[in-house]
> 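Submitted below is the structure of interest, expressed as structure tokens.
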Amino acid sequence: FKHFLLVGCGGPVLNLSIWIWLRILTYNPNLRDDLIKDCPFIEKNEVDFFVCEVPIFFILLCNTFFLIWIMMIVVSKLRRNTAMDHDRKHWKAAKALIIVMPMLGAGYLITMVGPDQDTVWAYTVFQVLRSLVLSTQGLVISLPYCFLSTEVQNVVKYYRQHHLCYS
């Protein structure tokens, strides 16, 4: 458990610390001539790509590798005996995993590319669309796989009926 906590919390803190350190080292305040010239974190520079976007791409590759590995294990176990009803549910879950992974990764791939700030309207439209995709990603996935699932709806109905009748 401790190593998961260390990687899950320590990794982002380490990445953020490296980013702050590199941004301060590579900042040249003489290139700006306005009120915010003393802040090294306002504009994008080459450090952002290597410290922010490369780790995202690496994590997506690792997640894809682990998904394929898990799917191979699940499918190999399901091929052994497919006559039971619970195995059909596992096949359904395996198909859902195949759909969910690209949906989760697509939002992050969109954040890695985009138009330059030179064309203001394209950059603005891109930022709005990117914000919508990233902020609604969890909702788009949780609706069909959690809240609209018949199994979840049946459990909620049972819970309501059971607690409303006995309350």
> Would you kindly confirm whether L25 and W19 end up in one hydrophobic cluster when ILVMFWY residues are joined by side chain heavy atoms under 4.5 Å apart?
yes

> Hey, is the main chain of C52 close enough, under 3.5 Å, to the side chain of N15 for a donor-acceptor pair?
no

> Which heavy atom of P115 sits nearest a heavy atom of T119, and at what distance?
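Minimum heavy-atom separation between P115 and T119: CB-OG1, 4.4 Å.
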
> Of all residues at least two apart in sequence or in a different chain, which pass the side-chain contact (heavy atoms from CB on, under 4.5 Å) check with F66?
C62, W69

> Ignoring hydrogens and geometry, is there a side-chain-to-backbone donor-acceptor pair from N154 to T150 under 3.5 Å?
yes

> For the hydrophobic clusters of this structure (ILVMFWY residues joined by side-chain heavy atoms under 4.5 Å, transitively), does one cluster hold both I20 and L14?
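Yes, same cluster.
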
> Could you list the residues that satisfy side chain to side chain donor-acceptor pair (under 3.5 Å) with Q127, not counting sequence neighbours?
Y123, R130

> Following the transitive rule for hydrophobic clusters with a side-chain heavy-atom cut-off under 4.5 Å over Ile, Leu, Val, Met, Phe, Trp and Tyr, establish whether F50 and I18 coincide in one cluster.
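F50 does not cluster with I18.
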
> Give me the atom names and distance for the closest heavy-atom approach of V47 to L22.
CG1-CB, 3.6 Å

> Same cluster or not: L16 versus I24, using hydrophobic residues (I, L, V, M, F, W, Y) connected whenever any side-chain heavy atoms lie under 4.5 Å apart?
yes

> Taking all heavy atoms of V7 and all of P12, pick out the closest pair and write down the distance.
O-CD, 3.7 Å

> Can you find a heavy atom in the side chain of F57 that is under 4.5 Å from one in the side chain of L61?
yes

